[in-house]
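This chain uses plain numbering: 1 for the first residue, then up along the sequence.
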Amino acid sequence: MLGRPRCPTFHREERDKRDVHNQDGHALLFVCRIKKVIFSACELGIFDLLTAPPCALTAQQVAVSCNASVGGTERLLDALVGMELLHVETQEDGTALYSNSEVASMYLAKGGAKSLHHVAIYRSQTGYQLWNNLADAVREGKNQYQKAFGIPPEEVFQAIYRSDKDMLKFMSLMNSCWVLDGHDVVMAFSLAGFRDIVDLGGDFFHDELPVADLYVLARIIHDWSEDKCVNLLKRICDVCRPGGGVLLVEATLLESRRGPVHTQLLSLNMLLQTEGRERPASQYAGLLRRSGFRDVQVCRTGKTYDAILALK
């Protein structure tokens, strides 16, 4: 008895579908490696090197400048070509010249128009060490600075500001974060009616706060527990001029807490690094009202960070 004839087209289509699913599965596991390739290239200064004239170098020239092995450098450069962050051009003599893509020059070189170089460095040297302990953070419900760096959980910010070098690294990170979202956050509300505006930093739980019309707290409230948030906001409300207010800049969760994914990941990052968390807009509004503010307005920018304005 003859079997049914095989259909080459059918089996080829099924194989193609299977290959796509396999590729998707591998991609999920390779995400962390892709990020580490980019972070390592930033640490080695490769994107900066290829920004300066002549802007196209051999693997050996890059290796010498980065004080790295030629073989390892060539593999890293080729991976970046595969990720379309670098271009490569083969000369007539077989020499390969590497150069930045437009994306690399703009976002990953220090002098790029929208440089995220300092974000990459901080995440590579600090963030990844903490994220290696995510399972422990979930079990324990507290930040992982003790295991990652030997720093007591309650002394995180003292450690960040312990030296000029550490403080500069952290401030460079914070400044870089506004490259992509800063304009949208600033334009979320009309601030023309506020004369004196204070971007609040320093030891705001203990230091005397200046009198002003508007206080900007950018990515601050998400660092702290609910009680500490109310305490800080009450201190601000006490010194804020009548008719003044506070502007919170935070990544807000949906009210269901089921998204956006990038905010959920930021909330896990808060678990790893601080005592705080990301919150839905209604929770930020509740904290503000408990602290004496009113007329809470929320503006979702469509970017990573949203704006919440409340008046006294």
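Within a 6.0 Å radius of CD in Glu84, no more than 12 heavy atoms belonging to other residues, nucleotides or ligands are found. Heavy-atom contacts from other residues, nucleotides or ligands closer than 6.0 Å to NE2 of His262 number more than 12. Residue Asn67 qualifies as open at atom CG: its count of foreign heavy atoms under 6.0 Å is 12 or below. More than 12 heavy atoms of other residues, nucleotides or ligands lie within 6.0 Å of NZ in Lys36, so this atom counts as buried by the packing criterion. No more than 12 heavy-atom neighbours from other residues, nucleotides or ligands sit within 6.0 angstrom of CZ on Arg277. Counted within 6.0 Å of CD on Glu102, heavy atoms from surrounding residues, nucleotides or ligands total 12 or fewer; the atom is thus considered open. Remark: Gln60 CD is loosely packed, at most 12 non-hydrogen atoms of other residues, nucleotides or ligands lying under 6.0 Å away.
We find that Arg241 and Asp196 are joined by a salt bridge, their nearest charged nitrogen and carboxylate oxygen being less than 4.0 Å apart. Using a cut-off of 4.0 Å between Lys/Arg side-chain N and Asp/Glu carboxylate O, Glu208 and Arg235 are scored as not salt-bridged.
A donor-acceptor contact closer than 3.5 angstrom is absent between the side chains of Glu250 and Tyr305. For the residue pair Asp78 / Tyr98, a side-chain donor-acceptor distance below 3.5 Å is found, with atom types taken as modelled. Side chains of Thr95 and Asp93: a donor-acceptor N/O pair is present below 3.5 angstrom, by distance only. Under 3.5 Å, the side chains of Thr301 and Asp181 contain no donor-acceptor pair of N or O atoms.
In the hydrophobic clustering of ILVMFWY residues, with side-chain heavy atoms under 4.5 Å counting as a link, Leu272 and Phe149 come out together. Val37 and Ile121 sit in two unconnected hydrophobic clusters of ILVMFWY residues. Membership requires side-chain heavy atoms under 4.5 Å apart, directly or through other members. Residues Val186 and Leu214 fall into different hydrophobic clusters, defined by Ile, Leu, Val, Met, Phe, Trp and Tyr side chains chained together at heavy-atom separations under 4.5 Å. By the rule that hydrophobic residues join a cluster once side-chain heavy atoms approach within less than 4.5 Å of another member, Leu134 and Tyr122 end up as members of one cluster. If you chain together hydrophobic residues whose side chains sit under 4.5 Å apart, Leu232 and Met270 never meet in one group.
A pairwise comparison of heavy atoms in Gln264 and Arg258 identifies NE2-C, 3.1 Å as the closest pair. Considering every non-hydrogen atom in both Ser115 and Ala109, the closest pair reads OG-O, 2.8 Å. Between Tyr107 and Lys114, the closest heavy-atom pair is CD2-O, 3.3 Å. When every heavy atom of His117 is checked against every heavy atom of Cys42, the shortest pair comes out as CE1-O, 3.4 Å. Among all heavy-atom pairs drawn from Leu85 and Ala104, the shortest one is O-CB, 3.2 Å. Contact detail for Ala41 and Phe47: the closest heavy-atom pair is CB-CE1, 3.4 Å.
Distance check, rounded to the nearest 0.5 Å: NZ of Lys234 to CZ of Phe293 gives 12.0 Å. For the atom pair SG (Cys299) and CE (Met187), the distance works out to 10.5 Å, reported to the nearest 0.5 Å. Residue Ser105 holds its OG atom at 8.0 Å from CG of Leu50, rounded to the nearest 0.5 Å. With rounding to the nearest 0.5 angstrom, the CZ atom of Arg294 is 12.5 Å from the CG atom of Leu288. With rounding to the nearest 0.5 Å, the separation of CD in Glu278 from OH in Tyr284 is 5.0 Å. Atoms CZ and SG, on Phe39 and Cys32 in that order, are 10.5 Å from each other to the nearest 0.5 Å.
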Take Leu309 and Leu248, measure what side-chain contact (heavy atoms from CB on, under 4.5 Å) needs, and give me the verdict at the end. CA-CA 6 Å; Leu309 178 66; Leu248 306 185; over 6 Å; no

Apply side-chain contact (heavy atoms from CB on, under 4.5 Å) to residues Trp131 and Leu268 and explain how you reach the verdict. CA-CA 9 Å; Trp131 276 81; Leu268 284 173; 3.8 Å; yes

Yes or no on side-chain contact (heavy atoms from CB on, under 4.5 Å) for Asn100 and Cys55, after CA distance, side-chain angles and deciding distance? CA-CA 8 Å; Asn100 278 344; Cys55 301; over 6 Å; no

Determine, step by step, whether Leu77 and Val81 satisfy the side-chain contact (heavy atoms from CB on, under 4.5 Å) criterion, reporting the C-alpha distance in whole Å, the side-chain angles of both residues, the deciding distance to 0.1 Å, and the verdict. CA-CA 6 Å; Leu77 293 173; Val81 171; 5.6 Å; no

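Under the 4.5 Å side-chain criterion, counting only non-hydrogen atoms from C-beta, Asp203 is in contact with Phe205. In this structure, the side chains of Glu43 and Gln125 come closer than 4.5 Å at one or more pairs of heavy atoms. Side-chain contact between Thr252 and Arg279 is absent, with no heavy-atom pair separated by less than 4.5 Å. Side chains of Leu200 and Val216 form no contact here, defined as non-hydrogen atoms less than 4.5 Å apart. Looking only at side-chain heavy atoms (C-beta outward), Pro153 and Tyr145 stay at 4.5 Å or farther from each other. Looking only at side-chain heavy atoms (C-beta outward), Leu217 and Ile236 come within less than 4.5 Å of each other. Looking at heavy atoms from C-beta onward, Leu311 lies out of side-chain contact with Val296 at the 4.5 angstrom threshold. Within the 4.5 Å cutoff, side-chain heavy atoms of Gln273 are placed close to those of Leu130.
Side chain of Glu89 to main chain of His87: no donor-acceptor pair is present (N/O by atom type, distance under 3.5 Å, no hydrogens or angles). Formation of a donor-acceptor pair under 3.5 Å by the Ser65 side chain with backbone atoms of Gln61 is found in this model. Lys312 places no side-chain N or O within donor-acceptor distance of the main-chain N or O of Gly243, the cut-off being under 3.5 Å. Formation of a donor-acceptor pair under 3.5 Å by the His222 side chain with backbone atoms of Arg219 is found in this model.
Annotation: salt bridge (Lys or Arg N to Asp or Glu O under 4.0 Å) contacts involving residues 118-140, sequence neighbours excluded, comprise Asp136-Arg139, Asp136-Lys147, Glu140-Lys147.
When each of Asn143, Asn269, Val156, Asp223 is checked for a side chain to side chain contact (heavy atoms under 4.5 Å, CB included) with Thr274, only Asp223 meets the rule.
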